[in-house]
There are 2 protein chains.
Amino acid sequence: MSDAQKGPVFTEIVLEVFKLGGLLVSEGDRMGAEYGITSARWKILGALSLAGEPQTVPQIARSMGLTRQAVQRLVDAMQEDDLLLFQDNPGHKRARLISLSDLGKTVYSKLYEKQSGWAKTCSAGITQAELETTLSVLERISGAIDR
Amino acid sequence: MSDAQKGPVFTEIVLEVFKLGGLLVSEGDRMGAEYGITSARWKILGALSLAGEPQTVPQIARSMGLTRQAVQRLVDAMQEDDLLLFQDNPGHKRARLISLSDLGKTVYSKLYEKQSGWAKTCSAGITQAELETTLSVLERISGAIDR
DNA sequence: CCAAGGTTGTCAACATGTTGTCAAACTGCC
DNA sequence: GGCAGTTTGACAACATGTTGACAACCTTGG
């Protein structure tokens, strides 16, 4: 098949990613409001939970595709709010290790449950195969840009 | 098939949308730098070009899924930079009509060409059908949230 | 006509992302 | 050991998005 038609579809995907990103941030803020948490903070909790062990700020940043400065600001504020714990890093005097506090763990698990129901509603009428294709395509596009 | 597996894939898509959104903004900024334009401004140019006729600020905002205040700030700055023209709206004394200036049209068409080549590179190895599935899924998710 | 309610522009405060710069800490190589 | 290059934290400036509030404008129904 000719590639002539791919450009326009690709452009539409780009625009839809922007729009959906905005909607997802709003939705995350709405769901997190009950626990005094925003989408950005939720993502930090998720990154730490996924990692399974304490991480440095640059590690979190790399795993999320953000700059370390953006993550540092969030992490500092979240520690102030008792969502995170700082521990000295035996391997590096400056780069402290960040982990979830008990409060952070509690909030994240409640958000996880809330999000699960929401994800189910959102993905109603979309097949598993379609979701997997979508994820694969988005990852390949990210990969092509990152290179 | 059970829906048990859909939640995790859905969550990964959400995270990938965030990540890709950031990459796309960076890439747009990089491509637009040559013409002194950012991703956000590019999107305004695109919305006006797509509409085909002068639009008000709230119309642009609705078409892009942004708030009118965010669009207003961009539009004001872009008019200052001679990318846009303001015209009085015969139907509404406050809501001026915004259109592309000659400079705006020129910049947009050059960006369009530049973006076309980039889109082709990015979508190498992805089939037309996969792209269309992806667009459809993203639109359905947006629709489910917007509701 | 006019009062009520929605839309628009404007201003302000804030959240979250970027880039750039600097010094301190680490790493690797000679 | 020590020097060069990289990584990290801190700070600042800026871009882009949000919400909230207010007054001006428009529309509609009685």
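Here is the naming used below: chain letters follow the sequence lines, and residue numbers restart at 1 for every chain. From a predicted model like this one, the values you see are computed outputs, not experimental measurements.
Note on A:Arg62: only backbone sugar-phosphate atoms sit closer than 4.0 angstrom, heavy atoms only; bases stay farther off. In this structure, B:Ala40 reaches the sugar-phosphate backbone alone: every heavy-atom distance under 4.0 Å involves primed, P, OP1 or OP2 atoms, never a base. Residue contacts for A:Thr38: at a heavy-atom cut-off of 4.0 Å it reaches the sugar-phosphate backbone alone, with no base atom in range. Within 4.0 Å (heavy atoms only), A:Ala70 reaches at least one base atom of the nucleic acid. A:Thr67 comes within contact range of at least one nucleobase, with a heavy-atom separation under 4.0 Å. Contact annotation for A:Val57: backbone-only contact, meaning every heavy-atom pair under 4.0 Å involves sugar-phosphate atoms and none involves a base.
Protein atom CG of A:Asp76 is 15 Å distant from nucleotide atom C1' of C:dA15, rounded to whole Å. Atom CD1 in A:Ile60 sits roughly 13 Å away from atom P in C:dG17 (whole-Å rounding). Atom-to-atom, CZ of A:Arg30 to C1' of D:dT18 comes out at 16 Å; the value is rounded to the nearest Å. Atom CG in B:Leu97 sits roughly 15 Å away from atom C1' in D:dC25 (whole-Å rounding). Look at CZ on A:Arg73: it is 13 Å from P on C:dT19, rounded to the nearest Å. Rounded to whole Å, atom P of D:dA15 lies 11 Å from atom CG of B:Leu74. B:Lys19 places its NZ atom 16 Å from the C1' atom of C:dG17, with the value rounded to the nearest Å. Rounded to an integer number of Å, the gap from A:Met64 CE to C:dT16 P is 11 Å.
At a threshold of 4.0 Å, the pair A:Glu130-B:Arg140 counts as salt-bridged, since one of the basic side-chain nitrogens sits closer than that to a carboxylate oxygen.
Checked by distance alone, A:Arg96 brings no side-chain donor or acceptor within 3.5 Å of a matching partner on the base of D:dG9.
Map B:Arg41 and A:Ala95 each onto its nearest nucleotide of DNA chain D; the residue landing nearer the 5' end is A:Ala95. The residue among B:Ser39 and A:Pro58 whose nearest nucleotide of DNA chain D is located toward the 5' end is A:Pro58. Taking for each of A:Asp29 and B:His92 the nucleotide of DNA chain C with the nearest heavy atom, the 5'-most of the two is the partner of B:His92. In terms of position on DNA chain C, the residue among B:Gln59 and B:Gln69 whose nearest nucleotide sits closer to the 5' end is B:Gln59.
To the nearest 0.5 Å, the span separating CD on A:Glu12 from OG on B:Ser136 amounts to 11.0 Å. The CG atom of B:Asp29 sits 4.0 Å away from the OG atom of B:Ser39 when rounded to the nearest 0.5 Å. The OG1 atom of B:Thr134 lies 11.0 Å from the CD atom of B:Glu139; values are rounded to the nearest 0.5 Å.
In summary, the aromatic rings of A:Trp118 and B:Phe10 are positioned with their centroids under 6.0 Å apart.
Contact check, A:Lys93 against C:dT27: no side-chain N or O comes under 4.0 Å of OP1 or OP2.
Counting heavy atoms from C-beta on, the side chains of B:Leu84 and B:Leu45 come closer than 4.5 Å.
Set against C:dG17, D:dA10, C:dT8, the side chain of A:Gln72 has D:dA10 as its closest nucleotide. Of the listed nucleotides (C:dT21, D:dG17, C:dG9), C:dT21 has the atom at the smallest distance from the side chain of A:Arg68.
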